[in-house]
Amino acid sequence: MYILSETDLSADLTPLDEAWRRPESFVLLPDKSGVSREWLGHALGEVPRELDHDHFGLLTSGSTGQPKLIIGSRDRAKSLAAVLHRLQLSEPVRQTVLLLPLSYTYAFVNQWVWATVHKRTLVPTHGLSDPEGVEAALQTATDAMLCLVGAQVPMLARYFSDRSFPGVLRVHFAGGRFPQERLDVVRSLFPRAMIFSNYGCAEAMPRLTLRRAEDSDDPNDIGKPLPGVALKNGADGELLFQSPYGAVGFVGAEAFQAIGPDKWAGTGDLAEPTPSGTWRLSGRSREVFKRYGEKISLSLLMSTVSGAWKNNALFYREKDRAGEEGHVLLLAPAPSETEVRAILKGFRANHARVLWPLRIESVDSFPLLPNGKVDVLTASTLPGRTVHWYQRI
Amino acid sequence: MTNLEKLRELVIDVFLLDPAEFRFDLTREEVDTWDSLALVSLAVGIKSTFGYHPTPAEAMSIHSVRDVIRILSEKGVRFEE
């Protein structure tokens with residue numbers, strides 16, 4: 001298995017096209033992975049020799065923040081791209097504009113593999129760090145598909161508030177909370193687009209469920225499983241899956257762990273089935289904790305925040321003065337006093353005090369990871385945070 | 001800002017009241033957010049606002065905004081209408 005650097009693909013994707021055609025397996029190393037070559041060398045040494053051909057590797061930080069090398073099967077990825085093409089009614093789509101790093105499982109499978117399998121054009125950009133470049137790509141887009149993460153919506157709204165891009169036919173969201181409350185913005189920007197919520201995880205390589213935006217008002221409703229995908233709850237409520245498209249294994253902190261056909265793999269999310277056959281997320285496994293004996297789901301609290309605040313928001317964990325686990329609400333950009341009051345009113349109306357955040361803070365904007373997700377760790381330590389409200393405990 | 005105004009602001013903030021809900025004769029029974037954590041928060045707020053930290057017994061005896069005024073008045077804090 002050899003290493004292909006995303007940095008080498010910035011100007012020309014030909015090396016990736018060639019790597020996909022060659023039988024040898026490869027790893028696509030992110031531009032800014034933070035993963036040492038030493039760790040990667042060790043991880044590659046753990047991958048069984050039978051995966052040396054017809055596979056590929058991607059890196060993810062996973063739910064633990066520690067690097068994880070995920071090994072996928074090219075045949076499975078191609079099958080998934082074909083299934084998504086059918087379910088997402090993608091036949092009229094002629095091109096896909098890349099606003100996320102290619103080494104992100106979402107962009108790699110939903111866009112690059114899809115474009116390769118279905119012989120569509122992939123239009124690379126430098127992402128929203130280069131809004132002018134993105135605008136140019138979107139303005140000239142014809143029958144195009146986008147893959148976005150929810151955190152990009154406020155930035156799109158900021159940069160292109162008075163624009164619309166009718167050349168975009170499909171807009172997909174994945175990799176975080178579906179921006180149900182900002183669909184008006186998405187529809188304004190992309191008036192001809194069907195909007196989909198895609199759910200999955202890197203180990204699923206990466207899709208498990210799908211729904212059209214208008215099929216639910218609930219941002220936590222992730223829709224129904226893809227054909228062939230089975231979902232169930234683990235003993236602790238974690239959403240587990242079996243998928244014919246999933247990764248074949250991974251290397252994390254320990255040796256290579258195969259994900260066999262009979263193994264139920266964890267998503268790291270808590271979820272419950274609904275009577276209509278869809279699944280509803282109720283939080284991340286690690287985002288549910290107890291505070292003074294009360295169970296707290298930060299996902300549930302975020303739903304309350306979203307009712308009063310339409311910009312960026314996240315929770316980070318912090319202990320209070322008594323040493324009890326707590327959480328801080330961080331917003332971006334700074335809210336008005338009226339908006340803070342509206343958020344607090346939502347907490348008062350819906351949650352016992354023990355569930356309220358220790359503080360409400362703001363920063364100008366959230367730092368993003370290369371994959372477009374919010375860098376929660378950095379955000380929680382940014383200097384110059386403004387405190388708008390705090391509990392005196 | 002007078003001490004009454006400071007107290008009003010503190011109580012509104014601790015209990016997440018709408019300003020229109022506030023009264024100086026407001027009692028615990030009338031405030032849905034008045035719980036044990038609120039009492040701790042109120043005590044810490046009294047300390048940071050008025051410089052006196054109610055003893056546990058005093059904190060336990062707070063059943064209304066008037067009780068806060070009573071405790072602080074006994075410590076020399078003046079609340080002039």
Side-chain angles (χ1 to χ4, degrees), chain A residues 289-296 298 300-305 307-309 313 315 317-329 331 335-362 386-393, chain B residues 1 3-23 26-65 67-69 71-72 75 77 79:
Chain A
F289 58 99
K290 285 199 169 182
R291 174 165 165 73
Y292 294 105
E294 290 282 338
K295 196 172 177 183
I296 291 181
L298 294 182
L300 196 63
L301 295 182
M302 190 55 81
S303 297
T304 297
V305 174
W309 173 251
F315 285 109
R317 301 274 291 276
E318 185 176 292
K319 290 184 177 176
D320 67 18
R321 291 188 212 181
E324 194 75 14
E325 285 289 342
H327 50 291
V328 175
L329 174 61
L331 307 172
S336 67
E337 191 177 334
T338 306
E339 287 170 320
V340 173
R341 283 286 146 198
I343 293 169
L344 291 171
K345 196 172 176 180
F347 284 132
R348 178 182 171 184
N350 297 297
H351 308 289
R353 172 182 295 268
V354 71
L355 274 64
W356 300 354
L358 299 175
R359 294 187 301 282
I360 297 178
E361 303 176 333
S362 74
T386 303
V387 176
H388 299 274
W389 179 84
Y390 67 103
Q391 291 208 61
R392 297 166 176 82
I393 50 177
Chain B
M1 189 182 281
N3 283 336
L4 282 175
E5 288 168 336
K6 288 179 186 174
L7 179 59
R8 176 178 179 275
E9 198 166 272
L10 174 64
V11 170
I12 287 173
D13 201 48
V14 166
F15 297 109
L16 297 191
L17 301 178
D18 280 334
E21 287 180 275
F22 179 83
R23 302 190 323 270
L26 207 56
T27 65
R28 184 173 62 184
E29 289 72 26
E30 297 173 275
V31 181
D32 62 312
T33 52
W34 192 312
D35 56 19
S36 57
L37 276 178
L39 205 53
V40 174
S41 186
L42 181 62
V44 174
I46 290 170
K47 163 69 175 167
S48 60
T49 307
F50 298 103
Y52 175 71
H53 199 298
T55 65
E58 286 171 332
M60 294 288 285
S61 74
I62 297 175
H63 298 289
S64 66
V65 180
D67 287 335
V68 178
I69 294 175
I71 290 167
L72 288 173
K75 301 301 170 190
V77 179
F79 289 93

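To find a chain, count down the sequence lines: A is the first, B the second, and so on, and within it residues start at 1. These figures come from a predicted structure and were not determined experimentally.
Around CD of B:Glu9, the count of heavy atoms belonging to other residues, nucleotides or ligands within 6.0 Å does not exceed 12. Within 6.0 Å of CD on A:Glu337 lie no more than 12 heavy atoms contributed by other residues, nucleotides or ligands.
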Begin with the C-alpha distance, continue with both residues' side-chain angles, and end with the deciding distance and a verdict on side chain to side chain contact (heavy atoms under 4.5 Å, CB included) for B:Leu10 and A:Arg392.
CA-CA 11 Å; B:Leu10 174 64; A:Arg392 297 166 176 82; 3.6 Å; yes

Step by step, work out the side chain to side chain contact (heavy atoms under 4.5 Å, CB included) result for A:Arg348 and B:Leu17.
CA-CA 9 Å; A:Arg348 178 182 171 184; B:Leu17 301 178; 3.8 Å; yes

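Heavy-atom pairs under 4.5 Å with chain A peak, among B:Ala38, B:Ser48, B:Ala43, B:Ser41, at B:Ser41.
Taking the side chain as every heavy atom from C-beta outward, A:Glu324 and B:Leu37 never approach each other to under 4.5 Å.
Going from atom CG of B:Leu16 over to atom CD of A:Gln391 covers 7.5 Å, rounded to the nearest 0.5 Å.
Contact of B:Leu42 with chain A is not made at all, since no heavy-atom distance falls under 4.5 Å.
Here the closest non-hydrogen pair linking A:Arg341 and B:Asp13 is NH2-OD1, 3.2 Å.
One finds no salt bridge joining A:Arg353 and B:Asp32 here, because no Lys/Arg side-chain nitrogen approaches an Asp/Glu carboxylate oxygen to under 4.0 Å.
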